[in-house]
Amino acid sequence: MAFTMRAVKVPPNSSSLEEARKRTFDFFRSACRSIPSVMEIYNLYDVTTAAQLRSSIASQIRQNASITNPKVIDMLLFKGMEELNNIVEHAKQRHHIIGQYVVGNEGLVQDVGTKDLRASDFLKKFYSTNYF
């Protein structure tokens with residue numbers, strides 16, 4: 001099941017921007033179709049949902065929406081297919097997937113304001129007087 005993506009290759013050149021756009025949508029569809037197997041392979045059910053992974057893939061594709069050169073789009077599609085093949089063939093470890101696609105570039109988002117509400121007066125004074 002994990003080696004089904006090997007036969008999929010990006011053709012060398014798109015003849016037009018419309019053809020490159022079509023290939024981008026095809027790549028997105030194939031990436032979305034592989035999400036259930038990726039969730040199974042890396043046991044991501046406790047960390048994220050399939051919809052969040054799909055959203056992460058879509059946001060990474062949207063980052064390059066302003067590119068209009070078909071050759072550059074083909075190169076990005078090739079890199080994306082290689083990344084997808086590596087993920088599906090289990091060439092990455094679980095923490096790589098979590099760090100790159102679940103947590104993302106912004107890192108773990110922590111709400112600091114709620115910690116102060118639960119802290120006792122003693123801890124608030126302690127945190128304000130000691131230098132960390």
Side-chain angles (χ1 to χ4, degrees):
M1 175 169 73
F3 298 102
T4 57
M5 295 297 296
R6 268 191 196 186
V8 179
K9 296 196 189 301
V10 176
N13 288 324
S14 296
S15 60
S16 67
L17 184 61
E18 189 60 35
E19 184 179 352
R21 183 175 185 267
K22 180 185 176 298
R23 288 184 182 163
T24 303
F25 284 126
D26 290 341
F27 168 71
F28 180 71
R29 281 187 204 102
S30 66
C32 288
R33 287 179 182 144
S34 67
I35 286 176
S37 63
V38 169
M39 296 278 292
E40 183 72 26
I41 290 169
Y42 293 100
N43 194 18
L44 297 174
Y45 295 108
D46 59 339
V47 179
T48 186
T49 63
Q52 288 173 336
L53 282 180
R54 192 177 308 111
S55 173
S56 175
I57 294 169
S59 69
Q60 287 192 358
I61 290 176
R62 281 190 205 108
Q63 286 178 351
N64 300 315
S66 62
I67 297 174
T68 57
N69 187 350
K71 290 183 180 181
V72 175
I73 294 172
D74 286 340
M75 186 262 315
L76 291 171
L77 284 174
F78 180 75
K79 288 174 70 175
M81 287 301 284
E82 285 296 315
E83 180 76 11
L84 183 61
N85 285 338
N86 287 340
I87 290 170
V88 170
E89 290 178 0
H90 209 295
K92 291 190 170 203
Q93 294 182 3
R94 184 175 190 258
H95 68 275
H96 294 140
I97 304 300
I98 292 171
Q100 190 170 4
Y101 300 105
V102 177
V103 175
N105 294 333
E106 57 272 351
L108 287 174
V109 179
Q110 297 179 352
D111 189 10
V112 180
T114 59
K115 289 183 180 179
D116 289 337
L117 295 176
R118 290 182 284 163
S120 66
D121 289 335
F122 171 77
L123 285 178
K124 287 180 186 176
K125 289 177 187 175
F126 179 77
Y127 290 145
S128 64
T129 58
N130 290 318
Y131 299 108
F132 290 105

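Positions are given from 1, in the same order as the sequence printed here. In this text, all values refer to a predicted model and were calculated from it rather than measured experimentally.
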>> One pair to check against salt bridge (Lys or Arg N to Asp or Glu O under 4.0 Å): E18 and R21. What are the steps and the verdict?
In response: CA-CA 5 Å; E18 189 60 35; R21 183 175 185 267; 3.8 Å; yes

>> Considering only residues two or more places apart or on different chains, which pairs with a residue in residues 47-72 satisfy ring-ring contact (aromatic ring centres under 6.0 Å, His included)?
In response: none

>> Listing request: all ring-ring contact (aromatic ring centres under 6.0 Å, His included) pairs with a residue in residues 17-72, at least two apart in sequence or in separate chains.
In response: Y42-H90

>> According to salt bridge (Lys or Arg N to Asp or Glu O under 4.0 Å), does anything in residues 60-70 pair up with another residue at least two apart or in another chain? List the pairs.
In response: none

Nearest 0.5 Å, what's the [atom1]-[atom2] distance between [X] and [Y]?
{"X": "L84", "Y": "S30", "atom1": "CG", "atom2": "OG", "value": "5.5 Å"}
{"X": "Q100", "Y": "Q60", "atom1": "CD", "atom2": "CD", "value": "6.0 Å"}
{"X": "N69", "Y": "D74", "atom1": "CG", "atom2": "CG", "value": "9.0 Å"}

Residues forming a side-chain hydrogen bond (donor to acceptor under 3.5 Å, both in side chains) with [X], sequence neighbours excluded:
{"X": "S15", "value": "E19"}
{"X": "D46", "value": "R94"}
{"X": "K22", "value": "D26"}
{"X": "R54", "value": "none"}

For [X], which residues count as a side-chain contact (heavy atoms from CB on, under 4.5 Å) partner, sequence neighbours excluded?
{"X": "N86", "result": "A91"}
{"X": "T49", "result": "A51, Q52"}
{"X": "L17", "result": "I73"}
{"X": "L53", "result": "I35, M39, L44, T48, Y101, V102"}

Give the minimum heavy-atom separation between [X] and [Y], together with the two atoms involved.
{"X": "S34", "Y": "A31", "value": "OG-O, 2.8 Å"}
{"X": "P70", "Y": "S14", "value": "CB-O, 4.1 Å"}
{"X": "A20", "Y": "L77", "value": "O-CD1, 4.1 Å"}

> With sequence neighbours excluded, what pairs up with E83 under the salt bridge (Lys or Arg N to Asp or Glu O under 4.0 Å) test?
Replying inline: K92

